[in-house]
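So you know, we letter chains A, B, ... as the sequences are listed, proteins then strands, and number each from 1.
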There are 2 protein chains.
Amino acid sequence: MDRQAANCCGARADCSGCEARPLALCGALDPADVMVMSSIAQPRKLAAGRQLFQEGDPADDVFTLTEGMLKLYKLMPDGRRQITGFMVPGDFIGLAYGQNYVYSAEAVTATAACRFKRSALLAKMVEYPELEHRLLSLASNELAAAQAQMLLLGRKSARERLASFLLGIAERRGIAEGEAMPLPMSRGDIADFLGLTIETVSRAFTIMRKERLIALPDKHSVTITDGDALRDAAGD
Amino acid sequence: MDRQAANCCGARADCSGCEARPLALCGALDPADVMVMSSIAQPRKLAAGRQLFQEGDPADDVFTLTEGMLKLYKLMPDGRRQITGFMVPGDFIGLAYGQNYVYSAEAVTATAACRFKRSALLAKMVEYPELEHRLLSLASNELAAAQAQMLLLGRKSARERLASFLLGIAERRGIAEGEAMPLPMSRGDIADFLGLTIETVSRAFTIMRKERLIALPDKHSVTITDGDALRDAAGD
DNA sequence: GGCCGGCATTGACCCACATCAATTTGGATG
DNA sequence: CATCCAAATTGATGTGGGTCAATGCCGGCC
């Protein structure tokens, strides 16, 4: 089973109906100028579990995620894995001025993304500096998130890590206390994001459920039932 | 002793002799245009141990480091600290599109930096898009470094962390095997950067010295004596 | 509806690193 | 040169989370 599902095309994108646009790179442009992006964008779909690219591949393309969720990760030769982020619609992927990708990207759920040739995007950025401006703003947000994650990985306990993780998702997704929140990634992915093992993540979920900080309607959703206590558990 | 040493001035910078320029933001400009930066740059000196700014302060200024070393860090309410990076001449500090700094910055050694009003820099970026381009390139390098650090913090052993740290500095500084490398930060700073305790860092140094991977001429220098073995110890 | 297989949970045990506690070292100061 | 003190090292002991192993759960498939 190595064929990719509904990938293909080479077709040009129709950005007019894109829901991710206001959030994403293209949101930097006047509505009238969005067509300049569609002229260089190639839509691309990816089934859950498939890779968008691998660490070390030549970084000729960059992407804007429009639907679904991707995970970015780095691997060590012995298989240890660190997930550096979960990407959601609007996120830009492939920023990096090196020749090659420095991490791998894999679909968590079925995803859709817009692919751009790096060279084409660079050319458009010369013409439309507001694109570069938006990209810098996306990059600096990512940097702030990366720094928060370093604090989490370097200094927080397992319990604090899980609490911070859940609060972070809820905030990013704008999900209120008492509302069910989708958690599409596996326990293994969460563990590799938080620098823990599957077993430790599972135990932390169980404890927090027993303490009524959260509820677990099923394995792929959480409800924050006591936001104050959860913030307390996050340690900051 | 709360007065700041030789800080002061409000004077305009003379960028013509700036050694950090080729590396830094200003290196993006034609030599003829560098004066546009000096017109908005304010030089600033900082003694070792002094803070440039604190997490939460209004982020009105941004900086380019020209001399010395700064550490950036985040604190938890109970005092746990994670250093997210050590900055060297050429590095840009204060990137972030929020209202407030999201980390603190403190001088490790005596430092010199160029301060810019964020608003003034933003204005110049409109006029000179190559400034924004350079900033994006600096940001994406920092992002790649942050991702490498997440792998280190989430998945590496104490020994691997220290080995990676030393190799990273040697590479950044262009220091060859057998050459003494300055290590201006304290063991405590190294510990807070690597997500370990002082004692564990100290033990790891001792072990690697006894194994002849490194030599420790004094507490603030290291020599990599067996680069291959050290790369091996770094795990990737 | 029953079977299968992958993911998640739970339990028992272990170990790398944290913590607590002395020393030792070395740079600053008079 | 002696004194002081903060930083670093070294040693003894504790523990949070990793490892290994068994069991449970659920969704897909015949």
Exercise. So what does A/Ser186 touch, heavy atoms closer than 4.0 Å: a base, only the sugar-phosphate, or nothing?
Worked result: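 Touches sugar-phosphate only.
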Exercise. Looking across every strand, which nucleic acid part, if any, lies under 4.0 Å from A/Ile198 by heavy atom: base, sugar-phosphate, or nothing?
Worked result: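 Here A/Ile198 touches the bases of the nucleic acid.
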State whether [X] places a side-chain N or O below 4.0 Å from either non-bridging phosphate oxygen (OP1 or OP2) of [N].
| X | N | answer |
| --- | --- | --- |
| B/Ser157 | C/dA16 | no |
| A/Thr200 | D/dG18 | yes |
| B/Thr206 | D/dT10 | yes |

For this session: Classify the side-chain pair B/Gln54/B/Tyr101 by whether it contains a donor and acceptor separated by less than 3.5 Å.
Result: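 No - no donor-acceptor pair under 3.5 Å links their side chains.
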For this session: Return yes if a side-chain donor-acceptor contact under 3.5 Å exists between A/Lys156 and A/Ser164, otherwise no.
Result: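 Side-chain D/A pair, A/Lys156 to A/Ser164: present.
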Starting the side chain at C-beta, find the nucleotide from [options] nearest to [X].
| X | options | answer |
| --- | --- | --- |
| B/Ala158 | C/dT19, C/dT10, C/dC17 | C/dC17 |
| B/Ser202 | C/dA12, D/dT10, D/dG17 | D/dT10 |
| A/Lys219 | D/dC25, C/dC17, C/dG11 | D/dC25 |
| B/Arg187 | C/dT9, D/dG18, D/dT9 | D/dT9 |

Rounded to whole angstrom units, what separation is found between the [atom1] atom of [X] and the [atom2] atom of [N]?
| X | N | atom1 | atom2 | result |
| --- | --- | --- | --- | --- |
| B/Leu216 | D/dA7 | CG | P | 19 Å |
| A/Lys156 | C/dA18 | NZ | P | 18 Å |
| B/Arg80 | C/dT19 | CZ | P | 10 Å |
| A/Leu196 | C/dT9 | CG | P | 14 Å |
| B/Asp218 | C/dG27 | CG | C1' | 11 Å |
| B/Asp192 | D/dA8 | CG | P | 12 Å |
| B/His220 | C/dG26 | NE2 | P | 12 Å |
| B/Leu162 | C/dA16 | CG | P | 17 Å |

Exercise. Does the C/dC20 base have a donor-acceptor partner in the side chain of B/Glu199 within less than 3.5 Å?
Worked result: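 Check passes, donor-acceptor contact within cut-off.
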Problem set entry | Under 3.5 Å donor-acceptor pair, A/Arg203 side-chain atoms to D/dG16 base atoms |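 Result: no qualifying N/O pair found.
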What I want to find out is whether [X] reaches [Y] closely enough, with some N-O distance under 4.0 Å, to be called a salt bridge.
| X | Y | value |
| --- | --- | --- |
| B/Arg81 | B/Asp189 | yes |
| A/Arg159 | A/Glu211 | yes |
| B/Arg118 | B/Asp60 | no |

For this session: Would you mind telling me which residue lines up with the more 5' stretch of DNA chain D, A/Thr197 or B/Arg209, judged by nearest nucleotide?
Result: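 Looking at the nearest nucleotide for each, B/Arg209 comes out on the 5' side.
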Exercise. So B/Tyr103 and B/Phe53, would you call those rings parallel, tilted or perpendicular, with 30° and 60° as cut-offs?
Worked result: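 Tilted: the ring planes of B/Tyr103 and B/Phe53 meet at 30° to 60°.
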Problem set entry | First encountered from the 5' end of DNA chain C, between A/Arg155 and A/Phe205 |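 Its nearest nucleotide being more 5', the pick is A/Phe205.
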